[in-house]
Participant: 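Quick one: structure below, then a few questions.
Predicted model, so just to flag it, every value in this text is computed and none were measured. Numbered from 1 within each chain, the chains take letters A, B, ... in sequence-line order.
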2 protein chains.
Amino acid sequence: MRILGIDPGLRVTGFGVLEKHGNRLQYVTSGVVRTGDGTLPARLRIIFESVAELVDTYRPDQAAIEKVFVNVNPQSTLLLGQARGAAITALSVGGLEVFEYTPMQLKQAVVGYGRARKEQVQEMVTRLLTLTGTPGKDASDALGVAICHAHSGETYAALTEVAPALAAKGLRVKRGRLVGQRGV
Amino acid sequence: MRILGIDPGLRVTGFGVLEKHGNRLQYVTSGVVRTGDGTLPARLRIIFESVAELVDTYRPDQAAIEKVFVNVNPQSTLLLGQARGAAITALSVGGLEVFEYTPMQLKQAVVGYGRARKEQVQEMVTRLLTLTGTPGKDASDALGVAICHAHSGETYAALTEVAPALAAKGLRVKRGRLVGQRGV
């Protein structure tokens, strides 16, 4: 099963694609879409068309997106809502089922700790997908929500599946932190 | 010049099309798109595809949309933002320039009074476009923002153009209220 994760934003939208083979996750691609300095409609169009192109190119089976915590600044919430609307529309028009996860679910699934910092998500995404470099925060969050979906599926078995996957890589998590590799 | 006005909402999106011939406005069509009880992605898709279909069918030259006042409830602001994002994306992907107006600008242009009630907007939209029936509030707001754009254009000459148009119809506006027809 191929999963597209999206972390939408009006300036920068992160994306990440991975495949789930049983309990094993395989990295396919990740990156960001930058919308430049155009008008709001121009930027929303870039988000929509870029996400549509990702769907066309990578043919994912399902999509996952982060549920946002509403911002204290209502104007920012509105702007983020619009960016999110453009991204979800592209996924939906592309025929994909879209699954939503809270930041806490994402962190719980990826780091094993719902209040983990962004850096911990980046580190664990890098390890879980055996990446040679660390993806940026937006791409990392997009991969994170894809991992979260891979490990929850329709039901939710997040940690029970992440833990063996980690063990298989010789990694150990203690209180949400990666504490070292077995025998290292 | 043909103008498409949109009043976006997650449940109901109003639309209205009119033509501007000099100072004269001609009604083309109006109505609402209802998104039903589906998931968020399904509803956004309905908004996007419906607006895209309106663009295809009526071939407007420009589009106008109401700038929203952010809601006191951040969750509502986010939902509205997403609906708005889907609608603006459809307009932008359809190649239209999108103009935004505040509710106050709309009311000022249509009723002549920035704090007018919804009912006054409905009444004035009906009169200005010589409609035989009164459109619903969502369609009326969509027609209102199209009228607002028609009378502002790139510059803004809203009232100076609305007043003669009203006078030509034998109508008079006093403090934002339609006070009667000449000779009636």
Side-chain angles (χ1 to χ4, degrees), chain A residues 4 6 8-10 13 33 35-36 38-53 55 60 62-103 149, chain B residues 4 6 8-10 13 33 35-36 38-53 55 60 62-103 149:
Chain A
L4 168 59
I6 297 283
L10 192 57
T13 290
V33 173
T35 57
T39 60
L40 172 70
R43 289 171 156 198
L44 295 180
R45 181 180 180 163
I46 291 170
I47 294 171
F48 176 87
E49 290 181 342
S50 304
V51 173
E53 200 179 307
V55 172
Q62 295 184 332
I65 194 163
E66 209 173 309
K67 255 185 198 160
V68 286
F69 276 139
V70 288
N71 203 291
V72 283
N73 177 343
Q75 203 54 45
S76 304
T77 302
L78 185 69
L79 289 175
L80 178 58
Q82 291 170 165
R84 205 166 186 268
I88 296 178
T89 299
L91 297 170
S92 184
V93 167
L96 290 175
E97 254 193 294
V98 184
F99 296 84
E100 296 184 280
Y101 298 95
T102 63
H149 180 58
Chain B
L4 169 59
I6 297 283
L10 193 56
T13 289
V33 173
T35 57
T39 60
L40 172 71
R43 287 172 158 196
L44 295 180
R45 180 179 180 163
I46 290 170
I47 294 170
F48 176 86
E49 291 181 342
S50 304
V51 173
E53 200 179 308
V55 172
Q62 294 185 332
I65 194 163
E66 208 173 310
K67 257 188 198 156
V68 287
F69 275 138
V70 289
N71 203 292
V72 283
N73 176 345
Q75 201 55 45
S76 304
T77 303
L78 183 70
L79 289 175
L80 178 58
Q82 291 169 161
R84 205 166 184 268
I88 296 176
T89 300
L91 297 170
S92 184
V93 167
L96 291 175
E97 254 194 294
V98 184
F99 297 83
E100 296 185 281
Y101 298 94
T102 64
H149 180 58

Participant: Identify, with sequence neighbours excluded, every residue that meets side chain to side chain donor-acceptor pair (under 3.5 Å) alongside Arg45(B).
Facilitator: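 Once residues adjacent in sequence are excluded, the partners of Arg45(B) under the side chain to side chain donor-acceptor pair (under 3.5 Å) criterion are Glu49(B).
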Participant: Just verifying a value: how many Å separate Thr89(A) OG1 and Ile88(B) CD1, rounded to the nearest 0.5 Å?
Facilitator: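 CD1 of Ile88(B) is found 11.5 Å from OG1 of Thr89(A).
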Participant: Looking at every heavy atom in both Ser92(A) and Pro41(B), which two are closest together, and how far apart are they?
Facilitator: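 In terms of heavy atoms, the two residues are closest at OG-O, 2.9 Å.
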Participant: Working to the nearest 0.5 Å, report the span between CG of Leu40(A) and CZ of Arg84(B).
Facilitator: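 The CG atom of Leu40(A) sits 6.5 Å away from the CZ atom of Arg84(B).
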Participant: Distance from Leu44(A) atom CG to Leu91(B) atom CG, nearest 0.5 Å?
Facilitator: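 Leu44(A) atom CG to Leu91(B) atom CG measures 10.5 Å (nearest 0.5 Å).
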Participant: Considering only heavy atoms, which portion of Ala87(A) lies under 4.5 Å from any heavy atom of chain B: side chain, backbone, both, or neither?
Facilitator: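 Neither; nothing under 4.5 Å.
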Participant: Quick check for you: among Val93(A), Val98(A), Leu96(A), which has the greatest number of heavy-atom pairs under 4.5 Å with chain B?
Facilitator: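 Of the options given, most contacts go to Val93(A).
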Participant: Tell me every residue that passes side-chain contact (heavy atoms from CB on, under 4.5 Å) with Leu78(A), counting only those two or more places apart in sequence or in another chain.
Facilitator: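 Checked Leu78(A) against side-chain contact (heavy atoms from CB on, under 4.5 Å); matches are Gln75(A), Gln82(A), Val68(B), Val70(B), Thr77(B).
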Participant: Picking from Ala86(A), Gly85(A), Ala90(A), which has the most non-hydrogen pairs under 4.5 angstrom with chain B?
Facilitator: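 Among Ala86(A), Gly85(A), Ala90(A), the one with the most close pairs to chain B is Gly85(A).
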